[in-house]
Amino acid sequence: MQIVFSTQQWTENFFSSDQKKAVESLEGGNILHFPQLAFALKPEEIKFLSPEYADPQAKNIGYNPKLNVLWGAQRLSDDERIKLKAMLDRFSQSAYNLVRNLLPHYVNSIVMARTSFRPVEISNRKTSYRKDDKRLHVDAFPSAPNQGRRILRVFCNINPHGEDRVWRVGEPFEKVANKFLPKISNPILGKSALLRLLKITKSYRTLYDHYMLQIHDRMKADEHYQINADQQELRFAPGSAWIVQTDHVSHAAMQGQYVLEQTFSLPVSAMKNDAHSPLRILEKILKRPLL
Ligand SMILES: O=C(O)CCC(=O)C(=O)O
Ligand SMILES: [Fe+2]
């Protein structure tokens with residue numbers, strides 16, 4: 001379920017035995033946990049540890065490291081905006097360094113996606129069930145189809161008050177898929193083209209995206225499943241980091257405040273063993289190609 005590393009630096013080099021263990025564990029649906037990998041804030045960044053800079057409409061503060069663009073933030077002066085971007089940029093680089101050194105198998109194919117800062121306490125946040133990450137789910141995005149590519153995320157808890165990030169982690173993807181796929185029908189003919197035409201989706205919603213989104217929604221909607229599915233609580237203390245493929249690992253974030261997160265996108269072809277990918281697992285069960 002979780003594989004622990006004693007890493008203390010974001011630029012640390014790894015033995016090839018650790019690199020092998022990391023890629024195989026991650027692809028096998030485990031979480032790589034770094035209990036001693038803290039992300040240090042600069043004195044002028046401490047003030048961002050407050051929910052007041054988060055737009056109440058947005059779930060997180062987002063940052064695009066390639067374009068140097070910030071969104072979901074409010075009440076920032078020009079100077080503060082520059083400083084917050086610099087903090088997110090530094091985290092983004094740190095996460096990249098860790099991935100590059102620990103998972104060299106991916107280095108030529110992995111693509112840096114967005115960075116996020118999550119300054120709002122999650123335990124009492126009210127949202128619609130679809131957006132509620134307190135319910136067990138695998139990640140799938142309605143407007144951003146990822147067309148089979150893996151979602152790899154690096155998280156770090158930067159809570160200054162000693163509060164853990166508390167997750168529930170559910171059953172393996174294949175079990176999830178076998179449970180929910182029989183209830184899901186094919187998409188309505190022409191719907192994906194229409195969504196694209198109306199720019200509701202940023203790219204074409206493939207069959208893969210259709211099934212992943214349906215699994216995501218149906219998991220969250222199923223109260224009985226939420227309570228009765230095999231699951232385990234995991235706690236990530238402040239000053240710890242973890243890497244997880246959230247399209248594969250069923251997860252729910254129950255409690256905690258102040259986390260940094262970097263998303264990467266990875267083609268299935270870059271995996272060491274693509275049979276573990278949600279794409280190949282769904283194709284195996286449905287006996288048809290999904291892209
Ligand atoms: O914020 C968290 O701890 C995780 C939320 C979640 O479900 C995700 O980022 O995929
Ligand atoms: Fe999630």
Side-chain angles (χ1 to χ4, degrees), residues 1-3 19-34 62 64-66 92 95-116 133 136-156 167 169-177 180-181 201-217 219 241-253 261-286 289-291:
M1 174 104 9
Q2 49 171 335
I3 311 294
Q19 294 169 333
K20 183 167 184 284
K21 183 172 76 177
V23 73
E24 288 173 1
S25 310
L26 194 65
E27 291 188 357
N30 296 288
I31 296 179
L32 310 184
H33 187 187
F34 306 84
N64 181 325
K66 276 183 229 153
S92 155
Y96 180 72
N97 287 334
L98 177 67
V99 165
R100 189 190 54 192
N101 291 336
L102 183 61
L103 301 162
H105 195 82
Y106 295 162
V107 86
N108 292 322
S109 319
I110 201 154
V111 173
M112 183 103 100
R114 61 112 221 246
T115 318
S116 71
D133 289 340
L136 282 170
H137 65 283
V138 288
D139 284 350
F141 311 118
S143 63
N146 53 18
Q147 304 179 330
R149 286 186 297 273
R150 307 299 317 274
I151 303 168
L152 187 153
R153 294 185 146 171
V154 179
F155 292 90
C156 186
W167 276 25
V169 174
E171 52 192 13
F173 183 81
E174 188 150 359
K175 271 187 104 173
V176 172
F180 288 94
L181 278 181
T201 52
K202 291 183 193 131
S203 57
Y204 189 78
R205 185 184 288 174
T206 64
L207 276 178
Y208 171 77
D209 295 294
H210 167 76
Y211 284 110
M212 288 299 284
L213 203 53
Q214 285 286 323
I215 292 173
H216 168 274
D217 288 357
M219 287 176 84
W242 60 108
I243 304 181
V244 50
Q245 287 182 320
T246 51
D247 53 350
H248 189 175
V249 175
S250 160
H251 61 285
E261 174 268 336
Q262 176 63 48
T263 300
F264 297 90
S265 158
L266 184 80
V268 164
S269 59
M271 292 176 67
K272 193 165 177 195
N273 181 0
D274 72 351
H276 289 307
S277 65
L279 174 66
R280 298 295 176 235
I281 292 172
L282 294 180
E283 287 181 336
K284 186 177 76 181
I285 300 171
L286 294 166
L290 294 180
L291 292 183

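Since the structure is predicted, the reported quantities are computational estimates derived from the model, not experimental observations.
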From [atom1] ([X]) to [atom2] ([Y]), nearest 0.5 Å:
X    : Y    : atom1 : atom2 : value
L102 : K21  : CG    : NZ    : 9.5 Å
M212 : Q147 : CE    : CD    : 13.5 Å
M1   : S25  : CE    : OG    : 12.5 Å
M271 : S277 : CE    : OG    : 5.0 Å
M112 : T263 : CE    : OG1   : 11.0 Å
N97  : S92  : CG    : OG    : 9.5 Å

Minimum-distance pair of heavy atoms, taken over all atoms of [X] and [Y]:
X    : Y    : value
G148 : V268 : O-CG2, 3.0 Å
N101 : P104 : O-CD, 3.8 Å
R114 : Q262 : O-NE2, 3.3 Å
A177 : I285 : CB-CD1, 3.7 Å
P145 : K202 : CD-N, 4.1 Å
P267 : R149 : CA-CG, 4.0 Å

*Using the ring of each side chain (for Trp, its six-membered ring), is H216 parallel, tilted or perpendicular to H137, with breaks at 30° and 60°?*
perpendicular
_Could you go through L282 and I215, starting from their C-alpha distance and side-chain angles, then the distance that decides it, and tell me whether this counts as side chain to side chain contact (heavy atoms under 4.5 Å, CB included)?_
CA-CA 11 Å; L282 294 180; I215 292 173; 3.9 Å; yes
Quick one: are [X] and [Y] in side-chain contact, heavy atoms under 4.5 Å?
X    : Y    : answer
L103 : I110 : no
Y106 : F264 : no
Y96  : V107 : yes
V244 : V169 : no
F173 : D247 : no
Q19  : H105 : no
L207 : L286 : no
E174 : K284 : yes

*With sequence neighbours left out, write down each residue that passes ring-ring contact (aromatic ring centres under 6.0 Å, His included) with F180, or none if nothing qualifies.*
Y225
So, the side chain of [X] versus the backbone of [Y]: is there a donor-acceptor pair under 3.5 Å, distance only?
X    : Y    : answer
K175 : G170 : no
E27  : H276 : no
E283 : L290 : yes
T206 : D209 : yes

_Side-chain donor-acceptor contact under 3.5 Å, E261 with S116_ = yes
*Go through the side-chain N and O atoms of H251 and D139 and say whether any donor and acceptor fall under 3.5 Å apart.*
yes
